[in-house]
Protein chains: 2
Amino acid sequence: MTSRPPRPRERGIPEATVARLPVYLRALQTLQDRGTLTVSSEDLASAAGVNSAKLRKDLSHLGSYGTRGVGYEVEYLVYQISRELGLTQDWAVAIAGIGNLGRALANYGGFGTRGFRIAALLDADPAMVGQSVASLDVRHIDNLEEVVRSERVSIGVITTPAVSAQGVATRFVEAGVASILNFAPVVLNVPDGVDVRKVDLSIELQILAFHAQRRADGDGRGAERAGLELT
Amino acid sequence: MTSRPPRPRERGIPEATVARLPVYLRALQTLQDRGTLTVSSEDLASAAGVNSAKLRKDLSHLGSYGTRGVGYEVEYLVYQISRELGLTQDWAVAIAGIGNLGRALANYGGFGTRGFRIAALLDADPAMVGQSVASLDVRHIDNLEEVVRSERVSIGVITTPAVSAQGVATRFVEAGVASILNFAPVVLNVPDGVDVRKVDLSIELQILAFHAQRRADGDGRGAERAGLELT
DNA sequence: TAGATTGTTAATCGATTAACAATC
DNA sequence: TAGATTGTTAATCGATTAACAATC
């Protein structure tokens with residue numbers, strides 16, 4: 001499809017691996033905070049909630065950053081994963097829709113110990129515009145394109161009501177934002193090359209309900225049984 | 001592992017399918033609101049953002065609810081998927097941690113047009129306790145076990161700070177809650193049989209950053225290129 | 001050298017997809 | 001009957017996992 005420019009080492013980290021790298025990174029940062037210098041795949045996997053074979057396979061896609069017989073140097077691995085994820089640079093984030101959720105995200109300080117900067121808050125409600133949220137002035141959504149340009153926004157977070165989400169997404173994309181995190185309960189239509197990730201509370205609850213029902217009609221009392229097994 | 005009780009039709013809906021059923025359900029409800037009576041796999045798939053082969057395959061795991069040459073009756077399929085997901089009953093949900101995010105969730109009304117009921121809000125901060133949020137009195141976290149029992153809570157939502165999350169999870173599980181939705185940035189340790197789902201803003205942003213970086217160093221200017229391709 | 005642990009292989013499993021026979 | 005569309009088959013693809021040779 002696109003021409004492949006010459007690159008060091010063949011890329012192509014599996015999506016499933018990419019999705020776990022942030023989990024490993026957080027576990028490593030926790031170890032680092034405790035002053036741990038070195039960790040085995042077994043221990044890191046356990047901290048990340050995966051099995052060690054999967055962890056080693058995942059890390060092998062980044063390179064050979066461990067030492068046989070020893071393990072992985074925590075600080076070095078933190079750096080390598082951060083670099084791979086693109087966290088050694090700073091990404092400007094704009095949040096559109098400053099309701100309860102938008103405010104919660106704006107105030108959520110620690111984005112995995114840096115890599116992101118909330119650069120702008122946008123809302124369609126004139127009463128909201130001008131208010132200060134998390135030390136930022138809320139700007140009117142009409143200024144989206146201008147803000148994206150001036151703040152070099154590359155990630156757009158959509159926390160608008162469902163009806164407004166597609167319109168905002170299209171404007172983000174046309175303004176040059178190719179990464180979107182969508183909290184609105186709609187399927188966004190975007191052109192190829194734009195990356196949309198979706199976070200949806202109802203969907204998560206419904207998936208939980210499915211399994212809960214299974215437990216409930218599968219055996220007598222699922223929840224209590226699980227409780228008893230608690231170690 | 002567990003004894004299999006006699007059941008109609010062999011169950012075992014793939015996890016990937018379960019995760020998509022809520023998406024189909026929402027698309028169907030939108031169609032229903034517009035008064036659409038019947039829909040083809042092609043159209044429903046398009047509304048849900050998947051391809052039609054996948055949709056048909058997914059639905060085939062529930063049964064044969066379509067009519068060849070015609071499509072699916074919207075209302076009937078809404079009912080079948082709702083039933084499969086366990087939404088024909090009401091699930092009581094407790095939210096632990098009434099910060100910005102907890103409040104946002106408590107105030108988030110439409111949980112996919114019913115199936116869930118926010119039954120309790122819990123917080124460890126005495127200043128928070130007794131306040132009214134979304135028409136519910138915030139109760140002290142010490143009452144967790146009592147509240148789970150009296151309200152028959154089966155789903156626990158954790159929006160506490162990271163340090164408190166594991167403790168709250170353990171208490172939920174011991175109280176009989178076997179379904180947990182975790183917004184805290186930690187890996188929860190729970191016994192087998194307990195279902196934990198995780199929603200994590202930083203992880204989503206980091207995955208977006210990975211792809212954004214790819215675009216950025218893959219070709220000249222990824223975002224603008226994507227913008228130009230917009231139809 | 002002996003013990004520990006990585007990085008990789010290969011087998012297995014599950015998910016996706018195209019194609020089409022069945023059937024309305 | 002002709003046209004449309006489902007439900008299923010089978011091929012393909014990607015992810016997981018156990019096992020172990022390589023090597024610190």
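When reading the values below, keep in mind they use all heavy atoms of this one structure, side chains included, and skip hydrogens, waters and symmetry mates. Reminder, nothing fancy here: chain letters follow the sequence lines and each chain counts from 1.
Computed from coordinates, the B:Glu15 CD to C:dC13 P distance equals 18 Å when rounded to whole Å. The interatomic distance linking A:Asp58 (CG) with D:dT16 (P) rounds to 7 Å, in whole Å. At whole-Å resolution of the value, CG in B:Leu77 and P in D:dT5 are 16 Å apart. As rounded to whole Å, 16 Å separates atom P of C:dA15 from atom CG of B:Leu59. We find that CG of A:Leu55 is positioned 12 Å from C1' of C:dT5, with the value rounded to whole Å. What separates NE2 of B:His61 from P of D:dT9 is a distance of 11 Å, to the nearest Å. Atoms OH (B:Tyr76) and P (D:dT6) sit 16 Å apart, rounded to a whole Å. In this structure, CD of A:Glu73 is placed 16 Å from P of C:dT5, rounded to the nearest angstrom.
B:Asp195 and B:Ser179 are not linked by any side-chain donor-acceptor pair at a separation below 3.5 angstrom, with hydrogens and angles left out of the test.
Under the salt bridge (charged side-chain N to carboxylate O under 4.0 Å, His left out) criterion, the residue pairs touching residues 152-171 of chain B are B:Glu145-B:Arg171, with sequence neighbours excluded.
Of the residues in residues 36-46 of chain B, none has a non-hydrogen atom less than 4.0 angstrom from any atom of DNA chain C.
A:Ser41 pairs by the side chain to side chain donor-acceptor pair (under 3.5 Å) definition with A:Arg56, not counting sequence neighbours. For A:Ala19, the side-chain contact (heavy atoms from CB on, under 4.5 Å) partners at least two apart in sequence or on another chain are B:Ile207. Here A:Ser46 pairs with nothing under the side-chain contact (heavy atoms from CB on, under 4.5 Å) rule; sequence neighbours left out. Under the rule for a side chain to side chain donor-acceptor pair (under 3.5 Å), B:Asn182 has no partner lying at least two apart in sequence or in another chain. Residues satisfying the side chain to side chain donor-acceptor pair (under 3.5 Å) criterion with B:Ser164, sequence neighbours excluded, are absent altogether. For A:Ala104, the side-chain contact (heavy atoms from CB on, under 4.5 Å) criterion is met by B:Asn100, B:Leu101, not counting sequence neighbours. For B:Asn51, the side-chain contact (heavy atoms from CB on, under 4.5 Å) test picks out B:Ala53, B:Lys54, with sequence neighbours left out. Evaluation of the side chain to side chain donor-acceptor pair (under 3.5 Å) rule for A:Tyr76 yields A:Gln80 as partners, not counting sequence neighbours.
Nearest nucleotide to the A:Pro14 side chain, out of C:dG7, D:dT16, D:dA15: D:dA15.
Applying the 6.0 Å contact sphere to CD of A:Gln89 captures more than 12 heavy atoms from other residues, nucleotides or ligands.
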Per-nucleotide protein contact string for nucleotides 17-24 of chain D, where B marks a base within reach and S marks sugar-phosphate only (heavy atoms under 4.0 Å, - for neither): BBB--BBB
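Put simply, B:Tyr65 has no side-chain N or O that comes within less than 4.0 Å of OP1 or OP2 on D:dT5.
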DNA chain C base-pair string [pairs: Watson-Crick or G-U under 3.5 Å; |: paired with another strand]: ..||||||||||||||||||||||
